[in-house]
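Report on the following structure.
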Amino acid sequence: MGLNYYQIKKNVLQARKLVIRGTSIAGSGHPGGSFSMAEIMGCIFYNHLKFDPKNPEWEDRDKLILSKGHASPGLFSNMAVAGYFEESQLDTLRQFGSKLQGHPDLKCPGVEFCGGSLGIGLSYSIGNALAAKLDQKDTHIFTVMGDGESDEGQVWEAAMTAAKYNVDNLTLILDRNFIQQDSYTEKIMPLDESLDGDELSEMWKDASRWKTGDKWRSFGWNVIEVDGHRIEQISDALNRAKSVKGMPSIIIARTIKGKAVEHMEDNPQWHGKAPHPTLVPVINEELDSQFMIAPSIIAGDMTNLKNEVKRCDDGRADYIHLDVMDGQFVPNSTFDHTKIKELRPLTVIPFDTHLMINEPVRQIQNYIDAGSDIVTVHAEVCDESSFGEIHDLLKSNKVGVGLAINPDTSMPDWSKKFISSLDQIIVMSVVPGKSGQKYIENTHEKTKNLMINLKENGFAGYIEADGGVTLDNIGQCFADGARVFVGGSAIIGQTDVRLVIREFRNQVLRTRRKLLIQKANELGGTELVNKWIDLHVIGKKKDELQQIATELGFQ
Ligand code: DX5
Ligand code: ZN
């Protein structure tokens, strides 16, 4: 399908919501493993898999084989989003007579494999891959396998077979979430180093202990290891895997079971349990509240921007914010597209290009060619016609579209017709021109009001807070409705970028937890608040939630 980063992200979100909808109506099902593979499925479906939802039997299609069949809600939800059937079909999940069963079944057009008995999807995939070669077809097989099912001996027999027959038209993705039905994988049958003690969920955050890749390497496979929730890493890995000829490839994706809903994350209970219907609106709000941290490299050493990009990469930034200034729209100059092109090969992190330049329409192609994932231009230097041109050019090149407004500018009238297709709106909270300025307080109010207006006009992108964002105000910016946070002096200006990014995230999470408790209270008073809090059994979240609820007077 070839969608861009932003579109994949939107589809992944929608698919997660459908998993919640389907399993909560069914009263059973497997949300945990559906969520650990959500980004993996999104990248395969919307960027790599060749398919036609209107003609599921299309001869030249690729095949997606879900070996970990119990995660069928994660497959069906994407099939709905991709257009195989109506989203409302998810309401029939696991019902008698429905084509959407607890495990995928060929009765559902588009399903390639009856998953359920674990450990056999890879063997089946190898058969399909070899058959495609015999038929001289350009079919690619994508197989998603769980770590729990890696206990099966058949998996390792298949591993040897794929290497023997040089099966290179198959990409295996291991959803390495460290949890299987009964407990943590490392307790049941360690794939990595044997881990002892009670703090297992902490121990496996230590990447030096991960040995699964060595096993596959020794079986003759090309091994790629990624963070399985980063779209850009998965997509890049899928490209790299496909380009390796003569041997099979496995992508080991480090994931979190139940990812994106805090109380499900890393919690074995959510392997196979449905969310309670009363909590679905709170869960949906949580899913809608994903956020991204975007360090701005101009706050670093301008003579060594390569190193600044590296610091963002090491710090696990979500985006890299690139402030382009031309000395005309703003008094300062920074860099232009040539520098961005030079920096592009250094990382796969999305490039969030913010053009503070006059007549952006004349330059837009250069910034697309330089490898931007999104380009944001200023409303002050556009009109309906030039922005229309920019918008169309970006869309047709699969680059995200952003519009920025200065502190004293409102969204222009002409922007209305573009709002529903904008990926981002930057609300400047300093006068653009340099980093290190103080946040202009009335931006909070402005963002809140804008948010209401944008929702009415079908905005489905993110608001980016840019300028003077700090640990002290980031929580409020999130509450206003911003979801992307630029950090110049407060992130890049600091020595330990990784630590500051973590602090930024924790600060936002605290506000988010508070908003979700408020939502639970709104919907069901103290009873629902307590029900919500009680779900958070892993780590220290529960104590913090209790403290927030007490502060709010809900307990
Ligand atoms: C301002 C830029 C911002 C800014 C961020 O013109 O668009 O991205 O430099 O830096 P801080 O966070 O220091 O304000
Ligand atoms: Zn900026």
Side-chain angles (χ1 to χ4, degrees), residues 291-302 305 308-309 311-312 315 317-337 339-340 343 349-358 360 363 367 372-381 400-409 422-444 446-447 461-478 482-495 497 500-501 503-505 507-508:
F291 60 91
M292 276 68 60
I293 308 290
S296 163
I297 57 172
I298 60 160
D301 178 359
M302 287 292 284
L305 288 176
E308 299 305 340
V309 168
R311 292 173 75 223
C312 295
D318 296 301
Y319 302 162
I320 296 180
H321 188 76
L322 299 162
D323 286 306
V324 177
M325 302 184 190
D326 65 352
Q328 291 171 21
F329 178 71
V330 289
N332 275 334
S333 322
T334 50
F335 47 78
D336 65 8
H337 54 92
K339 179 54 84 184
I340 296 179
L343 300 174
I349 295 181
F351 273 4
D352 171 26
T353 302
H354 178 189
L355 293 186
M356 284 159 280
I357 63 173
N358 275 343
Q363 293 281 339
Y367 288 92
S372 307
D373 292 275
I374 186 165
V375 179
T376 302
V377 297
H378 267 263
E380 297 82 11
V381 284
V401 186
L403 188 62
I405 49 173
N406 278 343
D408 52 6
T409 308
L422 289 181
D423 295 295
Q424 175 167 285
I425 294 175
I426 297 186
V427 182
M428 290 301 306
S429 34
V430 297
V431 176
K434 56 175 189 243
S435 76
Q437 306 180 70
K438 207 175 144 358
Y439 185 94
I440 299 171
E441 279 306 311
N442 65 17
T443 321
H444 288 307
K446 180 177 175 181
T447 309
Y462 303 106
I463 290 196
E464 181 171 75
D466 186 6
V469 176
T470 63
L471 266 182
D472 292 332
N473 60 26
I474 194 169
Q476 187 54 50
C477 294
F478 177 83
R483 292 292 174 265
V484 189
F485 305 96
V486 175
S489 44
I491 296 183
I492 288 295
Q494 307 302 310
T495 345
V497 170
V500 192
I501 290 183
E503 285 172 350
F504 264 53
R505 285 196 211 287
Q507 198 61 29
V508 175

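By convention here, the first residue in the shown sequence is residue 1. Computed from a predicted model, the values in this text were never measured in an experiment. Each ligand, and each atom within it, is numbered from 1 in the order the structure gives.
Each of the following atoms of ligand 1 lies closer than 4.0 Å to a heavy atom of Lys434: 1 (C), 6 (O), 9 (O). Of all atoms in ligand 1, numbered sequentially from 1 with element shown, those under 4.0 Å from a heavy atom of Gly436 are 11 (P), 13 (O), 14 (O). Residue Asp466 has at least one heavy-atom neighbour below 4.0 Å for each of these atoms of ligand 1: 2 (C), 3 (C), 4 (C), 5 (C), 7 (O), 8 (O). Near Met356, with a cut-off below 4.0 Å to any heavy atom, the atoms of ligand 1 are 6 (O), 7 (O). Remark: ligand 1 atoms within the under-4.0 Å shell around heavy atoms of Gly467 are 14 (O). Near Pro432, with a cut-off below 4.0 Å to any heavy atom, the atoms of ligand 1 are 6 (O). Atoms of ligand 1 lying under 4.0 Å from any heavy atom of His354, numbered from 1 in the order shown and given with element: 7 (O). For ligand 1, the atoms closer than 4.0 angstrom to any heavy atom of Val486 are 8 (O).
Of all the N, O or S atoms in Asp466, the one closest to the Zn ion (ligand 2) is OD2. His354 contributes ND1 as its N, O or S atom closest to the Zn ion (ligand 2). In terms of distance to the Zn ion (ligand 2), the nearest N, O or S atom of Asp323 is named OD1.
At a 3.5 angstrom cut-off on N or O pairs, Val469 does not count as close to ligand 1. Of the N or O atoms in Gly433, one or more lie within a sub-3.5 Å distance of an N or O in ligand 1. In terms of polar-atom proximity, Gln437 is not counted as a contact of ligand 1, lacking any N or O under 3.5 Å from an N or O of the ligand.
Between Phe335 and Ile298, the closest side-chain pair of non-hydrogen atoms falls below 4.5 Å. Between Leu343 and Phe351, the closest side-chain pair of non-hydrogen atoms falls below 4.5 Å.
Using a 30° and 60° split on the angle between ring planes, Phe478 and Phe485 fall in the tilted class, from 30° to 60°. Relative orientation of the Tyr367 and His337 rings is perpendicular, given thresholds of 30° and 60° on the angle between their planes.
Nearest heavy atoms, Asp318 versus Met292: OD2-CA, 3.3 Å. The two atoms that bring Val500 and Gln494 nearest to each other are CG2-CB, 3.7 Å, heavy atoms only. Taking each heavy atom of Val430 and Gly468 in turn, the nearest pair found is CG1-N, 3.8 Å.
Nearest to atom 14 (O) of ligand 1 by heavy-atom distance, out of Ser435, Gly488, Gly468, is Gly468.
A donor-acceptor pair is defined here as one N or O able to donate and one able to accept, closer than 3.5 Å; no such pair exists between the side chain of Tyr439 and the backbone of Val469.
Proximity of Ile298 to ligand 1, defined as any heavy-atom pair under 4.0 Å, is confined to the side chain (atoms from C-beta onward). In Met325, the part holding a heavy atom less than 4.0 Å from any atom of ligand 1 is the side chain.
In summary, the side chains of Ser372 and Thr353 do present a donor paired with an acceptor at a separation below 3.5 Å, with no hydrogens or angles considered. Side-chain contact check for Gln363 and Asp336: no donor-acceptor pair (N or O, by modelled atom type) lies under 3.5 Å.
Ile405 pairs with exactly one of Met428, His378, Lys446 by the side-chain contact (heavy atoms from CB on, under 4.5 Å) rule, that one being Lys446.
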